[in-house]
Amino acid sequence: METKKTETKAKAKKKTFRGIESAFLVIVACFIIALCIFHFILGNPANFMDNDPTGHPLPGNMLGTIYKGGVIVPVLQTLLLTVLVLSVERAFALMKAKGKGSTTKFVENIKAALADGDIQKAQAICDKQQGSVASVVTSVLKKYAEMEANDTLTKEQKLAYIQKEVEEATALELPTLEQNLSVVATMTTLGTLTGLLGTVLGMIKAFAALANAGAPDSIALSTGISEALVNTAFGIGTGALAVISYNFFTSKIDKITYAIDEVGFSIVQTYAATHK
């Protein structure tokens with residue numbers, strides 16, 4: 001019995017899973033893309049005077065200016081691309097988790113069906129809605145029907161089993177909702193710190209150019225300043241985008257979780273009110 005129950009939950013988890021499992025592969029792919037962009041687009045000789053990437057960028061050429069940010073630029077591009085890819089991935093995943101219709105309307109319909117004691121109607125609503133909330137409700141409704149058919153347990157025990165099913169079904173869904181958000185959260189700090197590192201390295205080069213005996217090396221000085229400013233901009237942009245993305249998707253997950261808790265509580269209360 002326990003084995004069958006475990007298999008059923010495993011299938012439910014597989015069915016409702018959405019998203020990229022390995023964020024590491026995303027990071028590696030983004031790093032490769034970032035290197036290609038850095039060398040073949042930003043480092044294109046056409047962006048520089050005399051077609052020389054070691055010289056000054058053409059006046060007003062932003063691509064060449066970004067290239068002068070140095071080796072930290074592809075790292076920051078990797079972080080930025082990773083945030084963008086995982087944000088799009090979470091958007092699609094949460095869209096699937098939400099289901100086909102309004103979550104609020106779905107919760108209201110389920111509560112109305114339960115108030116009428118129509119479990120089959122509630123199940124039909126779940127089948128139509130789909131998504132994480134519907135998946136949890138489906139599992140709980142099956143346990144609800146199972147408890148109705150059970151004549152050996154007390155009412156308190158049945159309520160405990162239904163409540164446990166709510167908690168277990170929710171625990172199966174939450175990891176799929178929060179997947180990869182920890183990576184996005186890490187980028188909020190990592191992007192800023194990496195940008196700061198690039199800024200420091202650029203300023204070191206700039207001051208080293210000023211420290212030369214005689215006239216300062218203007219090319220080295222401008223290169224160091226460009227590196228500092230470009231890395232600062234990339235670092236701030238990456239960190240800001242990661243913060244916005246993380247907070248946005250966290251709020252979406254909180255709404256889905258609240259809907260699950262509300263429906264679960266309604267099912268438990270309905271059973272308590274309609275059974276002796």
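Computed from a predicted model, the values in this text were never measured in an experiment.
- Ring geometry for Tyr67 versus Phe38: interplanar angle under 30°, hence parallel rather than tilted (30 to 60°).
- Around NZ of Lys105, the count of heavy atoms belonging to other residues, nucleotides or ligands within 6.0 Å does not exceed 12.
- Atom CE in Met187 sits 12.5 Å away from atom CG in Leu193 (nearest 0.5 Å).
- The two residues Ile110 and Cys126 come nearest to each other via the heavy atoms CD1-SG, 3.8 Å.
- Heavy-atom neighbours of Met62 CE from other residues, nucleotides or ligands within 6.0 Å: at or below the threshold of 12.
- Between Lys98 and Ile256, the shortest heavy-atom contact is N-CD1, 4.5 Å.
- When the side chains of ILVMFWY residues are joined at heavy-atom separations under 4.5 Å, either directly or via intervening members, Ile20 and Leu81 end up in a single hydrophobic cluster.
- The side chain to side chain donor-acceptor pair (under 3.5 Å) pairs that include a residue from residues 183-196 number zero, where partners must be two or more places apart or lie in different chains.
- A continuous path of Ile, Leu, Val, Met, Phe, Trp and Tyr side chains, each step under 4.5 Å between heavy atoms, connects Ile260 with Tyr161, placing both in one hydrophobic cluster.
- Hydrophobic clustering keeps Leu80 apart from Leu35 (ILVMFWY residues linked when any side-chain heavy atoms are closer than 4.5 Å, directly or through intermediates).
- Nearest heavy atom pair, residue Val184 against residue Ser245, reads CG1-OG, 4.0 Å.
- When the salt bridge (Lys or Arg N to Asp or Glu O under 4.0 Å) test is applied to Lys158, no partner is found at least two apart in sequence or on another chain.
- Nearest heavy-atom pair across Lys68 and Ser226 is CB-CB, 3.9 Å.
- The minimum heavy-atom distance between Ile253 and Leu94, with the atom names listed, is CG1-CD2, 3.9 Å.
- For the atom pair Tyr258 OH and Thr103 OG1, the distance stands at 12.5 Å (nearest 0.5 Å).
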Take Lys143 and Glu146, measure what salt bridge (charged side-chain N to carboxylate O under 4.0 Å, His left out) needs, and give me the verdict at the end.
CA-CA 5 Å; Lys143 178 60 68 174; Glu146 181 183 330; 3.6 Å; yes

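- The hydrophobic cluster containing Leu201 does not contain Val75, counting ILVMFWY residues as joined when their side-chain heavy atoms lie under 4.5 angstrom apart, directly or transitively.
- No side-chain heavy atom of Ile41 sits under 4.5 Å from any side-chain heavy atom of Asn47.
- Here the CD-CG distance, from Gln179 to Leu181, works out to 9.5 Å after rounding to the nearest 0.5 Å.
- Within 6.0 Å of the OH atom in Tyr246, the count of heavy atoms belonging to other residues, nucleotides or ligands does not exceed 12.
- Ion pairing of Lys111 with Glu108 is absent here, as no side-chain N (NZ or NE/NH1/NH2) approaches a carboxylate O to less than 4.0 Å.
- The environment of Asp127 atom CG is dense: over 12 non-hydrogen atoms of other residues, nucleotides or ligands sit within 6.0 angstrom.
- Distance check: Thr82 OG1 to Phe24 CZ gives 11.0 Å after rounding to the nearest 0.5 Å.
- Nearest heavy-atom pair, Thr199 versus Asn231, reported as atom, atom and distance to 0.1 Å: N-CB, 3.9 Å.
- Atoms CD1 and CD1, from Ile37 and Ile32 in turn, are 12.0 Å apart once rounded to the nearest 0.5 Å.
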